[in-house]
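Before any comments, here is the structure.
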Amino acid sequence: MAETTTKVLIPESFQGGTYDIAGQMGLIWELIKAPLIVPLLRICVYISLAMSLMLFFERLYMGIVIILVKLFWKKPEKRYKYEAIQEDLELGSSNFPVVLIQIPMFNEREVYKISIGAACGLSWPSDRLVIQVLDDSTDPTIKQMVELECQRWASKGINIRYQIRETRGGYKAGALKEGLKRSYVKHCEYVAIFDADFRPEPDYLRRAIPFLVHNPDIALVQARWRFVNSDECLLTRMQEMSLDYHFTVEQEVGSATHAFFGFNGTAGVWRIAAINEAGGWKDRTTVEDMDLAVRASLRGWKFLYLGDLQVKSELPSTFNAFRFQQHRWSCGPANLFRKIVMEIVKTKKVTLWKKFYVIYSFFFVRKIIAHMVTFFFYCVVLPLTILVPEVYVPIWGAVYIPSIITILNSVGTPRSIHLLFYWILFENVMSLHRTKATLIGLLETGRANEWVVTEKLGDIVKNKAAEAAKKPAPKFFKRPKFKFGNRLHLLELGFGAFLFICGCYDYVHGKNNYFVYLFLQTITFLICGFGYVGTIIPSS
């Protein structure tokens with residue numbers, strides 16, 4: 001009987017003890033590319049294009065609405081009842097409602113005097129104003145400093161109270177909730193909230209409160225933020241561009257069309273009855289402000305945004321502080337969406353159109369899709385299609401749509417139009433962290449409830465610059481102490497290396513010239529990865 005033998009077919013490159021590892025990896029890549037990689041990447045392209053279109057139509061809708069608002073909508077004083085509150089010769093200040101000012105703080109060494117001084121300088125009858133400093137500081141020295149500042153203003157006749165808690169339970173939401181429980185605020189009708197770095201102008205209450213007094217269906221009046229340190233460095237200019245669009249377009253459109261928008265957590269005045277009806281402050285997420293706003297809106301309350309009522313504030317000027325802030329601002333809304341979406345669906349006090357607006361536009365597109373499509377499409381999928389040329393990305397999705405979206409985003413800050421291209425690259429870098437935070441919030445894992453207070457510097461930079469100008473120049477330059485590990489961000493550096501490889505491959509083999517974008521994006525990832533974005537001074 002003939003002996004049966006079995007032959008195993010092995011590529012020649014695999015045979016033998018000495019073979020090129022790079023060649024073997026290339027062969028494996030070719031074996032799995034057609035049946036696995038190409039179909040998966042093609043699906044990712046379709047999903048990314050769908051998300052891009054969702055974001056494009058959202059931006060286009062808001063762009064059209066904001067033009068109509070600016071051209072044809074009546075100003076708030078015409079849309080709502082408004083009459084300035086004046087002192088009565090006979091009744092004195094009794095026709096002014098009693099207003100509570102809450103200033104939550106946590107180790108705010110550099111800015112506590114600024115916020116307390118601004119609150120005490122508000123033009124409102126002193127017997128109709130209660131100022132409450134909610135100090136959760138853990139540093140006993142700072143606690144003493146804040147308490148002494150409150151005592152100093154109290155000695156001038158200001159009704160200011162210094163409040164502390166045993167623990168930081170609930171963080172900011174817990175402090176605000178505890179503050180409203182105090183017996184001396186029971187007669188207050190409205191509460192204005194200012195974070196420690198916010199500086200309201202003296203006429204703030206006189207311009208905001210009349211809307212609440214004369215319109216019993218309004219729960220919140222929100223002012224716009226203005227930034228005192230926007231020109232400090234390139235990082236603060238980039239933040240200004242993003243936030244100006246938020247206030248100029250998103251808040252204005254929400255206020256004009258649906259009388260709803262997300263409370264910004266500060267520089268706003270609430271009707272205390274609306275807070276109580278909505279269930280009060282809750283600490284289930286790190287965006288207690290948005291949580292309260294959504295719950296109040298679902299009960300039929302209206303919100304009003306006043307773009308010409310502005311409050312000065314401070315932007316984070318270090319990259320670490322900005323990253324922590326963006327984690328909270330991205331993770332919190334996603335986590336809240338997970339917890340409140342069914343409550344929105346089941347409510348019967350708002351229209352179906354408003355439900356759709358809150359779920360789809362406010363939450364899904366702006367808080368989830370906007371972060372994910374920026375990162376996945378432009379930092380992952382598009383670069384991978386360079387390595388897999390069999391997958392085609394249409395030019396309208398790769399260039400035209402993002403260009404239009406970027407132009408629409410730039411309307412908030414015309415003075416920074418020359419920084420627009422770098423802003424795109426910087427936003428792509430930050431989309432990495434925002435996407436990561438969004439997924440953490442949706443899945444409620446890891447750092448979902450992490451709260452890191454944003455570092456504030458107040459006037460420390462200006463003061464040091466002034467002191468340095470007065471001192472004579474040193475004979476020898478003394479290099480400041482520098483901890484390289486504190487600046488190093490491995491995630492950004494890793495993506496920078498990945499995009500550099502894709503750019504080199506496109507330069508050698510590609511046909512679309514994407515390498516120009518990829519090399520510029522690589523540089524931006526590396527700048528952020530080495531922590532230098534906060535040290536670059538922008539041109540005016």
Side-chain angles (χ1 to χ4, degrees), residues 69 73-103 114-133 150 153-161 179-180 182 184-194 198-226 247 251-252 255-256 259 261 263-264 266-277 296 301-313:
V69 168
W73 252 250
K74 296 179 180 178
K75 291 186 176 182
E77 291 83 356
K78 302 292 184 180
R79 297 203 313 266
Y80 296 96
K81 294 179 182 177
Y82 181 86
E83 184 180 347
I85 303 174
Q86 303 290 341
E87 289 194 23
D88 190 280
L89 294 177
E90 296 181 359
L91 300 177
S93 62
S94 60
N95 59 330
F96 282 78
V98 182
V99 179
L100 170 66
I101 307 292
Q102 287 187 316
I103 309 175
I114 295 173
S115 55
I116 293 175
C120 293
L122 288 168
S123 176
W124 200 257
S126 58
D127 61 326
R128 314 297 287 176
L129 188 67
V130 180
I131 300 174
Q132 193 179 60
V133 177
C150 292
W153 283 102
S155 66
K156 297 181 179 181
I158 302 296
N159 186 6
I160 183 170
R161 305 295 184 98
L180 290 178
R182 302 292 175 176
Y184 59 83
V185 305
K186 297 300 180 183
H187 62 299
C188 296
E189 297 178 56
Y190 311 105
V191 54
I193 301 167
F194 300 104
F198 278 72
R199 318 166 188 187
E201 296 297 326
D203 64 346
Y204 175 86
L205 292 178
R206 289 185 178 268
R207 295 177 62 185
I209 294 295
F211 286 104
L212 294 162
V213 170
H214 300 298
N215 301 274
D217 57 343
I218 292 181
L220 166 68
V221 175
Q222 173 72 57
R224 176 174 178 163
W225 300 359
R226 274 297 180 193
F247 285 107
Q251 298 294 74
E252 192 77 65
S255 176
F261 49 83
F263 172 44
N264 293 118
T266 178
V269 187
W270 276 93
R271 188 185 301 274
I272 294 179
I275 295 178
N276 295 332
E277 185 183 331
W301 289 98
K302 294 181 178 180
F303 303 161
L304 175 62
Y305 170 73
L306 298 177
D308 59 347
L309 179 59
Q310 302 178 359
V311 179
K312 295 177 181 178
S313 62

Is a donor on one side and an acceptor on the other found under 3.5 Å between the side chain of [X] and the backbone of [Y]?
| X | Y | answer |
| --- | --- | --- |
| N215 | K81 | yes |
| R199 | I114 | no |
| Q222 | V269 | no |

With sequence neighbours left out, the residues meeting salt bridge (Lys or Arg N to Asp or Glu O under 4.0 Å) with D217 are K302
With sequence neighbours left out, the residues meeting salt bridge (Lys or Arg N to Asp or Glu O under 4.0 Å) with R224 are D244
Set of residues satisfying side chain to side chain contact (heavy atoms under 4.5 Å, CB included) with respect to [X], sequence neighbours excluded:
| X | answer |
| --- | --- |
| K74 | K78, R79 |
| K75 | E77 |
| S93 | F96, P125, D127, R128 |
| P210 | Y82, I85, H214 |

Of all the heavy-atom pairs spanning [X] and [Y], show the shortest one and how long it is.
| X | Y | answer |
| --- | --- | --- |
| A259 | Y80 | CB-OH, 4.3 Å |
| I218 | L212 | O-CD2, 3.4 Å |
| V185 | G179 | CG2-O, 3.7 Å |
| V311 | P200 | CG1-N, 3.7 Å |
| A223 | Y204 | CB-CE1, 3.7 Å |
| E252 | V69 | CG-CG1, 4.2 Å |

Of L129, I193, V191, the one forming a side chain to side chain contact (heavy atoms under 4.5 Å, CB included) with L100 is V191
From the list L205, V133, I160, side chain to side chain contact (heavy atoms under 4.5 Å, CB included) partner of I101 resolves to L205
Value rounded to 0.5 Å, distance of [atom1] in [X] from [atom2] in [Y]:
| X | Y | atom1 | atom2 | answer |
| --- | --- | --- | --- | --- |
| I131 | C120 | CD1 | SG | 4.0 Å |
| N264 | S313 | CG | OG | 10.0 Å |
| N276 | L180 | CG | CG | 7.0 Å |
| L220 | W270 | CG | CH2 | 5.0 Å |

Minimum side-chain heavy-atom gap [X]-[Y] below 4.5 Å:
| X | Y | value |
| --- | --- | --- |
| L306 | F211 | yes |
| E201 | Q310 | no |
| S126 | N159 | no |

Taking only residues two or more places apart in sequence or in another chain, which ones pass side-chain hydrogen bond (donor to acceptor under 3.5 Å, both in side chains) with [X]?
| X | answer |
| --- | --- |
| Q102 | Q132 |
| W153 | E149 |
| S123 | R206 |

Sequence-distant partners of [X], ring pair (Phe, Tyr, Trp, His ring centres under 6.0 Å), two or more places apart:
| X | value |
| --- | --- |
| W301 | none |
| F261 | F303 |
| Y190 | none |

Please report the C-alpha distance between R207 and D308 in whole Å, then the side-chain angles of each, then the deciding distance to 0.1 Å, and finally whether the side-chain contact (heavy atoms from CB on, under 4.5 Å) criterion is met. CA-CA 10 Å; R207 295 177 62 185; D308 59 347; 3.6 Å; yes
Which of parallel (below 30°), tilted (30 to 60°) and perpendicular (above 60°) describes Y305 and F247? parallel
**OP:** State yes or no: are the ring centers of F198 and W225 separated by less than 6.0 Å?
**Re:** yes
